[in-house]
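Values below: every heavy atom of this structure, side chains too, minus hydrogens, waters and symmetry copies.
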Amino acid sequence: MVRPVEPEPYEREPELITHHAHNGTEDPYGYDPYDDRYDDRHESTALGAEGEDAYDDEPSEDGEDGKKKVLTPKQRKKRRWRIIRRVLYAMFGLFVVVPAIAFVITYFLVDVPSQESVASLQSQPITLMYSDGSPMGKIAPASGGSRYLLQPGDVPEVVKKAVYAAEDSSFETNSGFDVGGILRAVYNNVTGGQGGGSTISQQYIKKATANEAPTLTRKWTELAKSFKMNNQMSKEEIITAYLNTIYFGRGANGIEAAAQAYFKKPAKELGASEAALLAGLIQGPSKSENEAYATRRWTFVMDQMVANKWLDPGARATATFPKPIPKAQAKADDAGTLSLHIRNRVIDELEARGYDQDRLHQGGYKITTTIDPKAQKMAEESVAEGMKGQTDENILNALVAVDPKTGGVVAYWGGPDWTKNAQGQDVQAMDWANVPHNPGSAFKAFDLTAFLKMGKGLGETFDGSNNRKFDVGGGNYRTIRNAGESSNCGTQCTVAEAMKVSANTVFYDMVINKTKVDPVAKAAKEAGVKTEDEGGKSVLYPDLNIALGGGRTVTTAEDMAAGFATFASEGVRQKQHFVAKLTNSQDEVEFDETTPKGTSAFSDDADKSKQIAGNITDALEEVIPYSKLKCPSKHECAGKTGTQQYDPRDSDPASYRDRNAQTWMVGYTPSISTAVWVGGDGNKPLHDKSGKPIYGRTIAGPIWEDFMSRYMTGKPSEKFDSVKPIGKDARSVPTTTVQKPPQTSTPPETPSTTATPTTPTEPTEPTDTGKPTKPTKPTWTRPGPGTSDPLFPNGEDP
C-alpha cells in the first residue's frame, strides 16, 4: 500500500511557546470542527488589528487522548453570539412572521357582524320553569318601542365622549385595537390586577358574536374582526353600532332604550352628567341599582372627560350625581303570567353570577327555578286568607319559604306585581319581600346564637324586670321596657323563659353586658342574613338597637327565612337561591345547584354548630304555643314573633302611642322555614280590622300557621333531633312566678337622671346530669295568655 501524501503544513510566523503549536492544543491536521467560514468572512478587520491570524480564535478539537480541548474566551464568546443570533432568527419567525401571515389569513376569512344581525341575535326568549319542570313563563326580548337603532349622526356628542372616557379614550385614533391597552391587560392579568385592554371595536365584536370565552382563539379573531371593521366602517358608524348594541342594565340594549329606562327621556336630551352615569354602567350593568358602584363609576367618567378636555372643569365642579327613576317605574317588556317579583329575583341572581339579561336572551337560556308551584299557590292563598277583612290601607305583607336542606326559595310573595303611580300609570309595584324592615323581637334568635357561642346556656338568669335603666356609655342611660302581659318575668328570669315571653330587658342586658354588638351581627350573617356588602339588602347596624331588632338594623323576609332555615338544618347553612339549574338552547348545563353544598354555620366543628342550632330550637319551640299558634299536625316546629313599635309624632292622637309599624312571624319545621312580614311602608301606625294595634301573633302569625299547615299536610311526620344543652340547663333552674301586671302599658321614657342598672344574679351552674334521648320540655309556671310581641321602646339611637 502506498502511503498518502500529506499536504504541506500551513505556513505560520514563528510564535511564542505559549501558542497552540507549542502547548499541545493545535490540531496537527489543521481541522477545526467549530469553523464557521461564513461568519469568519464577515468578521470585522478590527479583529486582526493586532496581527492575530483570522482563524486564531477557532476552538480546538479533542486531543489524541480523547479529552475535549479547552476553548479560549474568544472562542466561547463567538460561539455564544452565534447561538443567540440563531435563536433571535427563530423567535422573529415564530412571533412576528408566522402571526403576521396568520393574521392576514384570518382577516380575509372573518366577517364583521352588522348591528341588525346583533339585534336579531338578542331576540331569543328566556324560558323559566318551576322546580318540577313545569312551565312558569317566558321573558320576551325587548321589542317595539324598547328597541331603537339610531343612525350615524343621531348620537349626541356628549354621549360619545362619555363613552370614550369610560371605555376607550383612543377610539378615534386607534385601528381597532390598542397595543398599549393589550399590554396593560396582560400585565394586570399576570400581576392579579384588574382592567382589560379591549377597545370599543373589540367590545362590539364580542357582544355581536355572543362569545365571551377567555380563550386565545376568541381574542385572536376578535382582533382581526376589529381591524377589519375599522377598515370598512367610519368611526361614526362604529360608535353608533356599538351604542345601539351594548347592554346598560334594566333590560335596556342600546343607548336610546337606556335613556328611557333610567331617565324617561330620549338619548338626544341626555346631559353630560346623565351620559356619564350610563357610560359608567357599561362595565357593570348588573350593578345598576348599587348606588355606591354607580357613583364611583360616574365620578371616574366625569374626571376622565375633564382629563381629555371633553368637559369644562367648571361644569365638572358644579355637576351632581343624576338620580335615575326607580327601577320599579321602568315597565317590564313582557312578563306574561309570570310573577314579576319572582322574575326579577331570578334575573338579579343570574346577573350576579355573570349572566345578565342580554346574555340570557342571546343564548336562549332555560332557567329551572327553585319555586314549587304548589307551595307558591299555597302561599298566595294563605296571605289572601289572612288579609281578608283588613281595613287599614297601609297594611302590606310578604311571605318567603326556604328549604333548609338546599337553601332554595320554594315560595315567594312580595305583594302584587303592578300598581298605579301618581299620574295613574301602571308601574311595577314594590317587592316587599325584598325590602328590609326592622325585625323586632324575631331578631332575638340571633342574640341567643351569639350567647350560646360563648358557652352560655338557656338556664342562665337575668333580671327581667320592666323599665330597667342601662348605662349606654358617655354618661347616658336608657330605659328599656317590656310590653304587654309579659312585662315582667322576674329578677331571676332564665334565658329560655325570656325567649318565650320575649322580655326586652333580658336580651338588651345580654347584648350590652355579655355578647356585645358585633358577635350578634356576626351570628346573623353566619345564619344567612345577607348584608349590603354581600350583595344583599339587610343592614346589621353596629349599635345597641340590634339587640331588639330596631334602630337602623333591618332585614328582609327572605333573609329571615334563610337565617331560621339554618336552625332548621341543624346548624348547616345553605346559600339561599332562586335558580336550581341553568341550561342553554342546546340543553347544555351551565350550572346545577340541586345538590346541597352546605357549610357549618356557627363553628368549624359541625357537631358544635349542630348543638348551638339545637339549643336555639329548644328555646323557640316554646314560643309557638305561648303565642297561641299551632304547629302543623304531626310535626314539630319552632319560631319567633316580632314587633316594631310605631314612633309617634307630636300631632298624633294618644291612642297611636300603642300602635305598631312592623310585625313578623318566622318559624320552621325540619323541612321548611317560613318568614311572614305584615307591616307598613316605613313608620306608620297600623291597626287590625277591629281598630286595635297589630302584633306578630295577630295577622302574621295566623298567615304563617295556615301556610305551614297547608305545606306540611301529607308529608311524613317530622321531629327535631335531640342535642345536649350548652352551659346551664334551663330545666334545672326553678322558674319565677310573677304577678300579672296591669293591662295598661307603660309608655317609654327618656330618663334625665342617672341610675345604677340592676346587676343580674347568676346562680352557680349545676352539675350536668346528662340529657335524655328527647328532652322533656320544661313546664313553664308563668300564668296567663300574654303576648310574645313586646314593643321596641323608641326609634332613636342610644
Side-chain angles (χ1 to χ4, degrees), residues 438-473 477-483 486-527 529 540-551 553 563 567 602 612-613 615-620 622-623 640-643 725-730 733 735-736 756-763 765 788 790-793 798:
N438 288 129
S441 291
F443 203 80
K444 290 173 181 173
F446 304 122
D447 297 346
L448 179 57
T449 304
F451 190 67
L452 291 168
K453 289 181 66 177
M454 297 175 62
K456 302 292 184 179
L458 301 179
E460 301 289 342
T461 57
F462 289 84
D463 182 358
S465 303
N466 192 26
N467 292 327
R468 286 186 58 195
K469 294 181 180 179
F470 292 89
D471 183 354
V472 295
Y477 287 79
R478 183 177 186 183
T479 296
I480 300 297
R481 69 183 180 93
N482 298 319
S486 61
S487 60
N488 189 350
C489 69
T491 58
Q492 295 293 308
C493 183
T494 64
V495 171
E497 177 75 2
M499 180 64 78
K500 187 182 77 168
V501 303
S502 203
N504 284 345
T505 53
V506 169
F507 287 93
Y508 199 82
D509 191 347
M510 178 186 294
V511 174
I512 195 173
N513 291 314
K514 298 294 182 182
T515 67
K516 308 304 180 183
V517 169
D518 289 343
V520 173
K522 181 181 179 182
K525 293 178 73 171
E526 289 173 340
V529 175
L540 305 176
Y541 199 77
D543 66 14
L544 290 170
N545 286 300
I546 197 172
L548 305 180
T553 289
F567 303 146
F602 309 119
I612 292 171
N615 275 251
I616 294 167
T617 295
D618 284 345
L620 298 184
E622 298 303 320
V623 174
K640 185 72 185 76
T641 53
T643 302
I726 294 175
K728 191 176 298 182
D729 189 348
V733 181
T735 55
T736 305
T756 303
T758 306
T759 302
T761 304
E762 300 184 21
E765 184 172 335
S788 63
L791 310 180
F792 189 71

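Without hydrogens or angle criteria, Thr505 side chain to Ile480 main chain gives no donor-acceptor distance under 3.5 Å. A donor-acceptor pair under 3.5 Å is formed between the side chain of Lys444 and the backbone N or O of Ser502. A donor-acceptor pair under 3.5 Å links the side-chain atoms of Asn438 to the main chain of Gly551, judged by distance alone. Using modelled atom types, no side-chain atom of Asn504 and backbone atom of Leu548 make a donor-acceptor pair closer than 3.5 Å. When atom types are taken as modelled, the side chain of Arg478 and the backbone of Val472 share no donor-acceptor pair closer than 3.5 angstrom.
Between Phe470 atom CZ and Thr479 atom OG1 the span is 9.5 Å, to the nearest 0.5 Å. Separation of atoms CD (Glu622) and CG (Leu458) is listed at 10.5 Å; rounding is to 0.5 Å. For the atom pair Lys514 NZ and Phe462 CZ, the distance stands at 6.0 Å (nearest 0.5 Å). A distance of 7.0 Å separates CE of Met499 from CE of Met510, quoted to the nearest 0.5 Å. Rounded to the nearest 0.5 angstrom, Asn545 CG and Thr553 OG1 are separated by 7.0 Å. Annotation: the span from Ile726 atom CD1 to Leu452 atom CG amounts to 5.0 Å, rounded to 0.5 Å.
When all heavy atoms are compared, the tightest approach of Val495 to Gly457 is CG2-O, 4.0 Å.
Applying the side chain to side chain contact (heavy atoms under 4.5 Å, CB included) test to Ala547 and every residue at least two apart in sequence or in another chain returns Asp447, Tyr508, Val511. Considering only residues two or more places apart in sequence or on other chains, Lys522 meets the side chain to side chain donor-acceptor pair (under 3.5 Å) condition with none of them. Every side chain to side chain contact (heavy atoms under 4.5 Å, CB included) that Lys525 has, sequence neighbours left out, goes to Thr531, Asp533, Glu534, Leu540.
The closest side-chain heavy-atom distance from Val517 to Leu544 is below 4.5 Å. At a threshold of 4.5 Å between non-hydrogen side-chain atoms, the residues Ser441 and Thr643 do not count as touching. You'll find the side chain of Asp518 reaches within 4.5 Å of the side chain of Pro542, heavy atoms only. Contact of the Thr449 side chain with the Phe567 side chain is registered, since non-hydrogen atoms from C-beta on lie closer than 4.5 Å.
Lys728 and Thr461 are not linked by any side-chain donor-acceptor pair at a separation below 3.5 angstrom, with hydrogens and angles left out of the test.
For the pair Glu526 and Lys453, the salt-bridge criterion is met [side-chain N within less than 4.0 Å of a carboxylate O].
Of the candidates Thr617, Asp618, Ile616, Leu620 forms a side-chain contact (heavy atoms from CB on, under 4.5 Å) with just one, namely Ile616.
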